Undergrad: 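Next up is a structure, given as structure tokens.
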Amino acid sequence: MQTPGTIIEIVPMSVKNINMKTKLKLNRTLLFGLLFTASTLSFSQSYQDSLKKDDDDIIASIAPYSSDVRDAILNISQYPQNIVKIERIQARTSQSFQDMVAAYPREEQEKYYELARYPELIHQLVDGPPKTLEQVKPTLTNYPKETVDAVTALFPMHLADIKSMDKTYQKSQEALDKIINDLPSDAQGDFKKIIAMPEVMNLLTERIDLVVSLGEAYKNDPIGTKAKLDTQSAQINSENQKDLDDYKKQVESDPQMQDEMKKSAQEFADSYSANGEEQGPSDAVLNQNQQQPTVVNNYYGTNYNPNPYPYWFGYPYWYDYPMWYPRPLYYQTGFYLGVGGNLVVVGLPSRAYSRWFFNYGYQRYPRYYSYCNNFYSVHRTYVNHTNVYRGFHNNVNRHFSTINHESNANRNPSTSHNTNSNRTSSVNRNAIPNHNSNNFRNSINTHSFNRQGFSNFHATQFHQQSWGGVRGGSSGNFGGGAHLSGGGHVGGGGHGRR
């Protein structure tokens, strides 16, 4: 029975349904919002982690250089627009030089590139009244034989070309001075320092987006960025030394391994093609006498560091990758032969040598191959990406992990070996051998190890591999680059291909 005054509200079923639908929609919207927020946060965290990895890789790629070079790179990275302008000049001057020598035979082109390594000598040849070859010979006494031969072949018959080279170089230097004239004096000095190391300038211009990131980080936190570089450098040096000490102990205790290293070095030298990459061994190479040469050639050993091919002229166009210096054989093998033919280990093999070894050489050198297998077993759970010998690490890991994978798939390991060693269909066996192949082969004999040049070589290899895997191009604190107006893609440091 109803109490007097009580009001009974009768809600139609249709209104109840509407309220339930509204609640469901609200719940769905709320759920979607929560999922979207979680997804956004997850993506943001993943993106930040990715940027941090790029940051670490960029820092790591600079760390192997000496402290003065690292400081110079940091300083000029604050001026990416200037770097772009300099690269544009280099693109024109290197192409002009290549066009000038293009009509000559390859052997003569090599002489032009050899002479180009000494701009001050070029200027002496063309400065002042006309000279005869006899008159300039006294100025050549302190230059390598290859440089003297180049002058003898080109001067004065090609005086017009030599004058053109001098003009190009001098004008380029003047243009550089104008581009950096408004910068602080320390930045001007650092630009000149890095341009004198064209392999470093080449790497910076190839990845200008990462240079922008580096410059932004240094501007925002110079002390922190330098501290991070110092820490990375110390870590890399520690890893380098550990690997090198272990390697030296193994080599010293194994005469058979030493013998294989000497023989494989000569085979590698004979298989090294004109573009700086390895070829498959020809029958002539495999059958030739593998004994060590006795000639000591100081051309590569003493002239690597001071005189690269100048940045303005570019490295010889026939190389497939930046080759700014004539490199001795021991830079690739990691050892040289000192007094009495004693094997002196200075580092682990390079990326080029180890790639050649696992593609073509390993079946003929079982002792060294066994060492590589043991090295893989020790390092298989951790491929050292912070070590300047990462090229060797990566090739060892790639080779043996592939074999293990095939073995686990119940394949015949011997078949995989044969397949790998016979994979020579793409090899250019008709490639022109190095013109100075004897010098390259003999350069493993040296009495004066160029430690600074060797260190720069491996630092550049590390830098090149590091930045090759870094994306760049994103905005933010230190994960990518800002857009450079009018910059476009910067090819950097190279030259036109023919």
Side-chain angles (χ1 to χ4, degrees), residues 240-272 278-296 328-380 387 389 391-404 407 413-414 416-418 420-422 440-447 449 454:
N240 294 347
Q241 198 59 51
K242 181 180 183 305
D243 275 1
L244 183 55
D245 289 345
D246 293 344
Y247 184 52
K248 283 182 176 180
K249 290 178 183 178
Q250 178 64 36
V251 173
E252 289 173 0
S253 65
D254 195 335
Q256 182 181 342
M257 182 173 164
Q258 293 180 31
D259 184 58
E260 289 189 359
M261 289 168 67
K262 295 176 183 179
K263 292 179 179 179
S264 68
Q266 293 303 296
E267 186 179 341
F268 169 75
D270 290 325
S271 300
Y272 215 51
E278 74 274 6
Q279 301 181 87
S282 65
D283 292 339
V285 169
L286 295 179
N287 293 330
Q288 72 179 182
N289 190 339
Q290 296 283 1
Q291 291 182 354
Q292 293 296 314
T294 57
V295 177
V296 176
L329 177 56
Y330 67 78
Y331 277 39
Q332 306 290 353
T333 62
F335 71 88
Y336 66 87
L337 302 180
V339 178
N342 293 323
L343 191 150
V344 182
V345 173
V346 292
L348 271 70
S350 72
R351 177 177 50 170
Y353 173 85
S354 54
R355 187 172 58 234
W356 168 84
F357 182 81
F358 289 116
N359 277 340
Y360 308 111
Y362 69 91
Q363 288 186 322
R364 289 179 293 284
Y365 305 106
R367 197 74 170 186
Y368 194 80
Y369 185 72
S370 177
Y371 162 77
C372 294
N373 193 6
N374 291 335
F375 184 92
Y376 168 75
S377 298
V378 173
H379 295 81
R380 64 189 302 173
N387 188 298
Y389 305 123
F392 177 75
H393 280 256
N394 290 340
N395 278 306
V396 168
N397 187 70
R398 185 180 301 111
H399 176 83
F400 289 103
S401 61
T402 299
I403 290 177
N404 287 346
S407 178
S414 62
S416 67
H417 279 215
N418 292 334
N420 196 27
S421 62
N422 293 329
F440 180 64
R441 187 184 302 111
N442 294 340
S443 66
I444 201 168
N445 299 269
T446 182
H447 297 163
F449 172 56
F454 184 74

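Quick caveat: nothing in here was measured; it's all calculated off a predicted structure.
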Undergrad: For Tyr247 together with Tyr371, are the ring centres under 6.0 Å from each other?
TA: yes

Undergrad: Using side chain to side chain donor-acceptor pair (under 3.5 Å) as the criterion, list what pairs up with Asp259, not counting sequence neighbours.
TA: Lys263

Undergrad: Sort out for me which residue in Tyr365, Tyr353, Trp356, Tyr362 forms a side-chain hydrogen bond (donor to acceptor under 3.5 Å, both in side chains) with Ser264.
TA: Tyr353

Undergrad: Using side-chain heavy atoms (C-beta onward) and a distance below 4.5 Å, is Phe375 in contact with Leu348?
TA: yes

Undergrad: Please report the shortest heavy-atom distance between Gly391 and Arg351, naming the atom on each side.
TA: CA-CB, 3.9 Å

Undergrad: With sequence neighbours left out, write down each residue that passes side-chain contact (heavy atoms from CB on, under 4.5 Å) with Lys249, or none if nothing qualifies.
TA: none

Undergrad: Considering non-hydrogen atoms only, spot the tightest contact between Tyr376 and Ser401 and give its length.
TA: OH-CA, 3.5 Å

Undergrad: Can you name the closest pair of heavy atoms from Ala265 and Leu329 and give their distance?
TA: O-CD2, 3.8 Å

Undergrad: Side chain of Ser370, backbone of Pro366: donor and acceptor closer than 3.5 Å?
TA: no

Undergrad: What's the separation between atom CZ in Arg398 and atom CD1 in Ile403, rounded to the nearest 0.5 Å?
TA: 13.0 Å

Undergrad: Between OG of Ser354 and CG of Asn359, what distance do you get to the nearest 0.5 Å?
TA: 9.5 Å

Undergrad: State, to 0.1 Å, how close Val345 and Leu244 come at their nearest heavy-atom pair, and which atoms those are.
TA: CG1-CD1, 4.0 Å

Undergrad: Closest heavy-atom contact between Pro349 and Phe392?
TA: O-CB, 3.5 Å

Undergrad: How far does OG of Ser350 sit from OH of Tyr330, to the nearest 0.5 angstrom?
TA: 13.5 Å

Undergrad: Are the side chains of His393 and Asp243 in touch, meaning some heavy atoms are under 4.5 Å apart?
TA: yes

Undergrad: Who are the ring pair (Phe, Tyr, Trp, His ring centres under 6.0 Å) partners of Phe357, not counting sequence neighbours?
TA: Tyr368

Undergrad: Can you sort out the partners of Asp254 under side chain to side chain donor-acceptor pair (under 3.5 Å), two or more places apart, ordered by chain and number?
TA: Arg367

Undergrad: Which residues satisfy the side chain to side chain donor-acceptor pair (under 3.5 Å) test with Asp245, sequence neighbours excluded?
TA: Gln241

Undergrad: Mind checking what makes salt bridge (Lys or Arg N to Asp or Glu O under 4.0 Å) contact with Lys248, not counting sequence neighbours?
TA: none

Undergrad: Which pair of non-hydrogen atoms, one from Val251 and one from Gln258, has the smallest distance, and what is that distance?
TA: O-NE2, 2.9 Å

Undergrad: Would you mind reporting whether Leu337 and Val344 have side-chain heavy atoms less than 4.5 Å apart?
TA: no

Undergrad: Would you check, one step at a time, whether the test ring-ring contact (aromatic ring centres under 6.0 Å, His included) holds for Phe400 with Tyr369?
TA: CA-CA 11 Å; Phe400 289 103; Tyr369 185 72; 5.2 Å; yes

